[in-house]
Amino acid sequence: MMSSQSPPVLPVTNLQQPPAAAASASQPPLPPHALRAILNSITESVRNGFAQRRPFSELIDRSAFSKPESISDATTRIRKNYSYFRINYLTAIFVILAFSLLSHPFSLLLLLGLVCSWLFLFLFRASDQPLVLFGRTFSDRETLGILIVLSIFVVFLTSVGSLIISALLVGVGIVCAHGAFRAPEDLFLDDVPENANTSFLSSFIGSAASNVVSTAAPIVAAARV
């Protein structure tokens, strides 16, 4: 009597993925709401900045305006008023800049197009998805060079650069005039450090940029790996 034999078992070998496929499989996908996360970070920074603004009544108190005695007195007033009203001053500068851009729609569209080009063609584009335009594939270095040339063209060879510079000069001039003629004697400067940074854009942009960088760093790293 013949014993029943089990069918032969074929040896199983572990098929290893090629390096490119393994790297592609281990690479985390780009988050679909990356831009929304960065916008939320910017919005939160703006909200925190507005929470530190001074009352509008203190800014335009007519009884506190007087002519400075000298240039050094005007400089001291500007420094103290900036330390106290810096969020109000930055808001005024950005409002003037926004109004200038909105009054020139073509320049605004050029600036928005430049920003979107940097975001979607370089920052948030995965490295395994090459840029293809007009049937030609561009490498990362070529894409970066094209964006730099495009930025130079938009900023320096169109009305965008002159418009931004003019708006900033007007805003800084208004802020300096207010700071020079606004006597700071009635302000509560005890909680303001004397060595506060006198850069008009450093306090707000510094905090906003740090939040944006901390939010965007993992996203950009995942996209550029």
Side-chain angles (χ1 to χ4, degrees), residues 35 38-39 41-56 58-61 64-65 67-68 71-119 122-123 147-184 187 192-193 195-213 215-216:
L35 183 59
I38 293 180
L39 292 178
S41 178
I42 296 176
T43 304
E44 185 66 23
S45 299
V46 173
R47 187 181 296 110
N48 293 335
F50 281 155
Q52 302 175 8
R53 70 185 184 276
R54 302 300 179 177
F56 190 71
E58 296 184 8
L59 192 69
I60 60 172
D61 186 8
F65 286 89
K67 183 179 179 180
I71 296 180
S72 60
D73 184 30
T75 304
T76 303
R77 287 186 176 189
I78 292 175
R79 180 176 56 83
K80 290 183 178 180
N81 283 316
Y82 166 72
S83 299
Y84 190 80
F85 293 112
R86 62 180 179 272
I87 299 300
N88 301 75
Y89 286 164
L90 291 176
T91 303
I93 292 176
F94 282 115
V95 167
I96 294 173
L97 179 60
F99 179 78
S100 300
L101 291 174
L102 291 175
S103 60
H104 297 78
F106 180 72
S107 299
L108 179 60
L109 290 177
L110 284 178
L111 185 60
L112 290 178
L114 179 62
V115 173
C116 292
S117 299
W118 277 98
L119 290 178
F122 188 77
L123 293 178
L147 290 175
I148 292 176
V149 173
L150 182 62
S151 301
I152 295 175
F153 175 80
V154 171
V155 173
F156 295 102
L157 299 181
T158 64
S159 60
V160 174
S162 60
L163 181 64
I164 293 177
I165 294 176
S166 301
L168 291 178
L169 290 177
V170 171
V172 172
I174 294 176
V175 166
C176 290
H178 179 275
F181 285 91
R182 203 324 182 156
L187 302 179
V192 179
N195 58 348
N197 196 342
T198 56
S199 173
F200 288 104
L201 299 178
S202 61
S203 59
F204 175 74
I205 293 183
S207 60
S210 61
N211 291 337
V212 172
V213 169
T215 302

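Minimum heavy-atom separation, His178 to Asn81: O-ND2, 4.4 Å. What you find for Ser103 and Ser100 is that their closest heavy atoms are OG-O, 2.8 Å. Closest of all the heavy-atom pairs between Arg182 and Arg77 is O-CD, 3.9 Å.
Here the straight-line distance linking atom CG of Leu111 with atom CG of Leu101 works out to 6.0 Å at 0.5 Å rounding. From Arg54, atom CZ reaches atom CD1 of Ile87 across 9.0 Å, with rounding to the nearest 0.5 Å. One distance of note links OG of Ser83 with CD1 of Ile78; it measures 11.5 Å at 0.5 Å rounding. Considering CG of Leu169 and CD1 of Ile93, their distance stands at 10.5 Å, rounded to 0.5 Å.
No donor-acceptor distance shorter than 3.5 angstrom exists from the side chain of Ser166 to the backbone of Leu163, with no hydrogens or angles considered. Side-chain atoms of Asp73 never come within 3.5 Å of backbone atoms of Pro68 as a donor-acceptor pair (strictly under, hydrogens ignored).
For Leu150, the side-chain contact (heavy atoms from CB on, under 4.5 Å) partners two or more places apart in sequence, or in a different chain, are Leu114, Ser117, Val154.
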Margin query: Let's go through Ile148 and Trp118 carefully: what are the C-alpha distance in whole Å and the side-chain angles of both, what is the deciding distance for side chain to side chain contact (heavy atoms under 4.5 Å, CB included) to 0.1 Å, and is it a yes or a no?
Written below: CA-CA 9 Å; Ile148 292 176; Trp118 277 98; 4.1 Å; yes

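Using a 30° and 60° split on the angle between ring planes, Tyr89 and Tyr82 fall in the parallel class, below 30°.
Atom CZ of Phe65 has more than 12 heavy atoms from other residues, nucleotides or ligands within 6.0 Å. Within 6.0 Å of atom CG in Leu102, more than 12 heavy atoms from other residues, nucleotides or ligands are found, so the atom counts as buried in its surroundings.
Looking only at side-chain heavy atoms (C-beta outward), Ile164 and Leu97 come within less than 4.5 Å of each other.
The side-chain contact (heavy atoms from CB on, under 4.5 Å) with Arg53 is formed by just one residue from the set Thr91, Asn88, Leu90; it is Asn88.
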